[in-house]
Structures are given as C-alpha cells and as structure tokens.
Amino acid sequence: MKRKTARANNAFLLGSLILIVLVLVIIVLFMFMAFKIYDKKDEGYSERYDIVLGTTTLGNPLSVYVNDSLIFDGTPQSALTLSVGRFTEESTLLIVDGKTDVVSTIALPDHSETIRLGKREDKFFRE
C-alpha cells in the first residue's frame, strides 16, 4: 500500500513541478514582451522651439504656455528668448495678455523652429 501512495505522491509532485515551470516561463515571456513594447513607446522628441518675444510685447504683462505647462509669467522689459523642448506630437503655444486676459493660440510646427511673437492691439501673433 505504501508503494502505491509513494508513486502517486511522486507523480503529483512531478506534475506540480512541470506546472510551476510552465507558469514561470509564461510570466517571463509576458514580462519580456511588456518591456519590449515599453521601449518602443519611449521615443522622445529631440526638437526644440525658441520663442522670441518681439519689441511690441515689451512692457506688457503676459503668460506663455505650451499646452498646459507655464513657461513664462511676467512683464518682459528687454528681448527675451524662451527655449522649450517638444514633448508631445502636437503642441500649441498659448499667450495670455495680462491686462485683458485675451488668449492667443499658435500651433507649433512638427520640427525645431524659432517663433517670433508680436502684439497688435490685444492679440498676439506670429511675426
């Protein structure tokens, strides 16, 4: 009787061992695939935008945003150049006039570029 139970226990242990090894192999495969996909999605952008505030913007309080990130808030007293890295596929430059709270939007290009800003009446525009 002991011999039959020993064989059954050995078969059970061998089956459990095979099952554990299969589960570990599947987990390792999924982890490898997940890290491989993650590496492909982690492509950064190397483009940079240089935003130059023209002479018509001097002395006017303004706030400059790229998408939802505040880049500058204040009153420029001299020529000011802001350098911003591209971090999304599509970006928009938002300029808020501090006196009238009028928002001007400018779509940013897909490549590095120098963007010169000017002001006419209460709207900011690209020169």
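Hydrogens, waters and symmetry mates are skipped; everything else that's a heavy atom, side chains included, is used. Because the structure is predicted, anything quoted here is derived from the model rather than measured.
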Fill in the blank from the handout: So side-chain hydrogen bond (donor to acceptor under 3.5 Å, both in side chains) across residues 91-100, not counting sequence neighbours, yields T88-S91, D97-T100, D97-K119
Exercise for the section: Output, in order, the C-alpha distance, side-chain angles, deciding distance and verdict of side chain to side chain contact (heavy atoms under 4.5 Å, CB included) for I95 and L117. Expected result: CA-CA 9 Å; I95 304 107; L117 298 177; 4.0 Å; yes
Handout entry: N60: partners by side-chain hydrogen bond (donor to acceptor under 3.5 Å, both in side chains), with sequence neighbours left out
Key = none
Practice task
Examine I106 and V66 and state if one hydrophobic cluster contains both, with Ile, Leu, Val, Met, Phe, Trp and Tyr joined whenever side-chain heavy atoms are less than 4.5 Å apart.
Solution key: yes
Fill in the blank from the handout: Rounded to the nearest 0.5 angstrom, the CD-OG1 distance for E121 and T56 is 12.0 Å
Handout entry: Side-chain donor-acceptor contact under 3.5 Å, S112 with R48
Key = no
Practice task
Verify the cluster assignment for F72 and I51: are they in a single hydrophobic cluster under the rule of side-chain heavy atoms below 4.5 Å apart?
Solution key: yes
Exercise for the section: Give the minimum heavy-atom separation between L58 and S78, together with the two atoms involved. Expected result: CD2-O, 3.2 Å
Handout entry: Heavy-atom side-chain contact between I115 and Y49 under 4.5 Å
Key = yes
Exercise for the section: Indicate yes or no: at least one non-hydrogen side-chain atom of V102 is less than 4.5 angstrom from one of K123. Expected result: yes
Practice task
Report yes if the side chains of L62 and P76 come closer than 4.5 Å at any heavy-atom pair, otherwise no.
Solution key: yes
Problem - D50-T81 side chain donor-acceptor pair, cut-off 3.5 Å - result: no
Problem - Sidechain N-carboxylate O distance under 4.0 Å for R86, E47 - result: yes
Problem - L82-L108 co-clustered via ILVMFWY side chain contacts under 4.5 Å - result: yes
Handout entry: Non-hydrogen side-chain atoms of L93 and V64 separated by less than 4.5 Å
Key = yes
Fill in the blank from the handout: Of all heavy-atom pairs linking G59 and T75, the shortest is C-CG2, 3.4 Å
Problem - Full working for side chain to side chain contact (heavy atoms under 4.5 Å, CB included) between V96 and Y65 - result: CA-CA 8 Å; V96 181; Y65 295 86; 4.0 Å; yes
Problem - Heavy-atom check, side chain of L94 versus side chain of S104, under 4.5 Å - result: no
Pairs of donor and acceptor atoms involving the side chains of residues 10-32, under 3.5 Å and at least two apart or interchain, shall be tabulated with distances.
residue	atom	partner	partner atom	Å
N10	ND2	A6	O	3.4
S16	OG	F12	O	2.9

